[in-house]
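This report concerns only the one structure given below.
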Amino acid sequence: IQVSLPFLDNQELFGDYVNVFGGIRFGKIMEDLDVFAATCAYMHCGTSTTKGEKLTIVTAAVDRIDVHMRLDEPFNLRMKGMVSFVGKSSMEVTIIVESSTVKNANSADSSVNVNQLINDNDTESGNGWKMAALAKFIMVARNSEGPVQVPRLKLTSAREEAIFAAGAERPD
C-alpha cells in the first residue's frame, strides 16, 4: 500500500510535523511508520480470525530503520509498504519512505507491487523521488488467548521469492 504526506502542497499538514528548525519532526514520522506497518499487517490478515474472533496486531520490534537523508526542510513524502515475510504469527513489514521537492508529486494510486517497492522506477527515473528511509517492522497477530497464525504469502515471481528468502534468513 502507499500513503502520501504532501508537506509542500499542504501547509496545514506540514504544521503538524514541523520541528523548531523548520524541518520535519522525525519522531512524528516514526509514529506514522508504526501505524503504517500495522495497517499493512491488517490488510494482509484482516481484522478477525478464521473463527470470527477480533484480531489484534501489535508491533513486536522495529527490526531496523536505515535513514538515507536528513529531513531538514519540507518535502513531500510517500510511504510504500508490504508484508515481505511471514512466520507462524509474525510478519515482517518493509516500508520505503521517499521524498520529493516537486509540488503535486504525490500520486493518488495506492497500489504497489513488489518490484515498485524494492526497486521503484520512479526513484530511478529522475522525476524527483529519492529514498529517504527503509524500515522493517516485525508485527505479531494475537487474539484474547495468544498468538494467531497469519495467512501465508502467495509468492508469484522469483523477485518475491528472493525477498521472502531474505526475510527467512534474518535472525529472530
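The basis for the numbers below is simple: all heavy atoms, side chains too, and nothing from hydrogens, waters or symmetry mates.
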For Thr47 and Lys54, what are the C-alpha separation, side-chain angles and deciding distance, and is it a side-chain contact (heavy atoms from CB on, under 4.5 Å)? CA-CA 6 Å; Thr47 57; Lys54 183 180 179 204; over 6 Å; no

Decide yes or no on side-chain contact (heavy atoms from CB on, under 4.5 Å) for Val18 and Phe7, but give the supporting numbers first. CA-CA 9 Å; Val18 69; Phe7 297 129; over 6 Å; no

Tell me if a side-chain donor or acceptor on [X] pairs with a main-chain N or O of [Y] at a distance below 3.5 Å.
X      : Y     : value
Arg25  : Asp16 : yes
Asn76  : Leu8  : yes
Arg70  : Gly23 : no
Asn143 : Glu53 : no
Tyr17  : Ile29 : no

Rounded to the nearest 0.5 Å, what separates atom [atom1] in [X] from atom [atom2] in [Y]?
X      : Y      : atom1 : atom2 : result
Met91  : Cys45  : CE    : SG    : 4.0 Å
Trp129 : Arg78  : CH2   : CZ    : 4.5 Å
Leu77  : Ile24  : CG    : CD1   : 4.5 Å
Phe21  : Asp72  : CZ    : CG    : 9.5 Å
Ile96  : Gln2   : CD1   : CD    : 11.0 Å
Ile65  : Lys136 : CD1   : NZ    : 12.0 Å

Are there over 12 heavy-atom neighbours, none belonging to Met69, within less than 6.0 Å of that residue's CE?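 Enclosed.
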
Contact summary for [X] and [Y], nearest pair of heavy atoms:
X      : Y     : result
Val150 : Ser90 : CG2-O, 3.8 Å
Val93  : Cys40 : CG1-CB, 3.8 Å
Leu134 : His68 : N-CD2, 4.0 Å
Gly22  : Phe14 : O-CZ, 3.4 Å
Ala135 : Leu33 : CB-CD1, 4.4 Å

Name all residues meeting the side-chain contact (heavy atoms from CB on, under 4.5 Å) criterion together with Glu12; count only those two or more places apart in sequence or in a different chain, and write none if there are none.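 Here the qualifying residues are Asn10.
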
Got a sec, which residues hit side-chain contact (heavy atoms from CB on, under 4.5 Å) with Ser84, two or more places apart in sequence or on another chain?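 Expected list: Met82, Glu92, Thr94, Ile163.
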
Examine the side chains of Asp34 and Thr59 and answer whether a donor and an acceptor come within less than 3.5 Å of each other.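 Note: Asp34 and Thr59 side chains meet the donor-acceptor criterion.
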
